[in-house]
Amino acid sequence: LHIAILASVLSLVIYWLIRDRYRVRNVNGKYVFITGCDTGLGNSLAKWLDKKGFCVIAACATEKGGQELQSCSSLSLKTVNLNLADSNSIARAVVFVTEQTAGKGLFGLVSNAEGTAPVAPTDWLRIEDFHSVLDVSLLGLIEITLKLLPLLKKAEGRIINLINAKGLMAFVGGGYSLSKWGMEAFSDTLRIEMQHFGVKVSIVEHSFFKAEVVNSDIIEKYLFRLWNRLTPEIRDSYGEKYFVE
């Protein structure tokens with residue numbers, strides 16, 4: 001029994017030592033850029049890192065989102081408008097981050113973005129429905145990551161891609177799961193390539209947070225809209241019974 005207790009205590013000590021090795025010390029002057037900060041996880045993370053003393057640059061899709069975040073944060077937190085589906089918007093955000101970091105490089109990039117996700121059988125969808133998700137949640141995140149790599153390499157920083165684990169289960173048609181699987185593959189490849197430069201690449205797979213749960217009424221309305229735009233042939237192939245169920 002004594003040996004078991006001693007082994008448990010020793011294990012805890014080893015765990016604490018290893019954990020403390022990975023704690024970031026002296027956070028002053030360390031810049032972290034976070035996407036998707038209007039609400040939800042990105043918003044909460046920006047506030048938390050700001051309180052910890054990091055220099056947070058928060059990307060918001062709307063001016064209102066940026067203003068609300070700034071109103072409850074320190075003066076060191078900066079916001080920038082970002083539309084991940086627009087290369088010009090991405091370029092402007094990169095310029096802003098470059099100016100803010102002032103030659104110090106970027107300590108962290110946290111990618112957190114969710115495109116509009118139509119929930120429906122695949123043949124109810126059009127290619128633009130896929131673009132509405134992939135242009136933001138995959139291609140947009142890849143583009144801004146590529147453009148920020150020089151700053152991340154300069155600071156030997158880290159890239160953290162937040163991925164909703166439910167998107168890794170392909171239970172519904174559309175681009176949502178495609179974007180999540182794509183970010184997994186992109187992250188795994190980039191992790192190997194960036195080791196040479198001292199840049200760490202991590203994936204954080206999370207589930208739905210309370211603030212992110214999609215209202216079932218919204219899903220139902222979207223389904224009705226998609227159903228009503230279907231050709232008679234596709235609608236007849238499913239039948240009214242399929243839609244009701």
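Note: hydrogens, waters and symmetry copies are ignored here, and every other heavy atom, side chains too, is used.
Side chain of Y31 to main chain of Q100: a donor-acceptor pair is present (N/O by atom type, distance under 3.5 Å, no hydrogens or angles). The closest donor-acceptor contact from the side chain of D38 to the backbone of T62 lies under 3.5 Å. A distance-only check finds a donor-acceptor pair linking the side chain of R191 to the backbone of V201 [under 3.5 Å]. The backbone N or O of I203 lies less than 3.5 Å from no partner atom in the side chain of N161, so there is not a single donor-acceptor pair. In terms of modelled atom types and a separation under 3.5 Å, the side chain of T101 and the main chain of T98 share a donor-acceptor contact. With hydrogens and angles disregarded, no donor-acceptor distance shorter than 3.5 Å links the side chain of N81 to the backbone of A61. Side chain of R235 to main chain of L230: a donor-acceptor pair is present (N/O by atom type, distance under 3.5 Å, no hydrogens or angles). A side-chain donor-acceptor contact under 3.5 Å links S179 to the backbone of Y176.
I159 places a side-chain heavy atom less than 4.5 Å from the side chain of L190. Contact check for L82 versus I90: side-chain heavy atoms found under the 4.5 Å cut-off. No side-chain heavy atom of L151 sits under 4.5 Å from any side-chain heavy atom of L149. L141 has its side chain within reach of M183: a pair of non-hydrogen atoms, C-beta onward, lies under 4.5 Å apart.
In this structure, K30 forms no cation-pi arrangement with F54, as its terminal cationic atom is not both closer than 6.0 Å to the ring centre and no more than 45° off the ring axis.
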*Check the pair Y238 / W124 against ring-ring contact (aromatic ring centres under 6.0 Å, His included), numbers first and verdict last.*
CA-CA 10 Å; Y238 281 89; W124 291 23; 5.6 Å; yes
*Take L109 and I160 through the side chain to side chain contact (heavy atoms under 4.5 Å, CB included) test and state the conclusion after the steps.*
CA-CA 6 Å; L109 166 62; I160 301 173; over 6 Å; no
_Stepwise side chain to side chain contact (heavy atoms under 4.5 Å, CB included) test for V133 and L178_ = CA-CA 9 Å; V133 181; L178 292 176; over 6 Å; no
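A distance of 12.5 Å separates CH2 in W181 from CD1 in I163, rounded to the nearest 0.5 Å. Taking CD from E68 and OG1 from T39, the interatomic distance works out to 10.0 Å, rounded to the nearest 0.5 Å. Atom CZ of R126 is separated from atom CG of L226 by 8.5 Å, given to the nearest 0.5 angstrom. Atom SG in C55 sits 14.5 Å away from atom CZ in F33 (nearest 0.5 Å). How far OG of S44 is from CG of N112: 10.0 Å, rounded to the nearest 0.5 Å.
Heavy atoms only, all atoms of each residue included: S73 and K47 are closest at OG-CG, 4.3 Å.
K147 pairs by the salt bridge (Lys or Arg N to Asp or Glu O under 4.0 Å) definition with E143, not counting sequence neighbours.
Heavy-atom contacts from other residues, nucleotides or ligands closer than 6.0 Å to CD of E63 number 12 or fewer.
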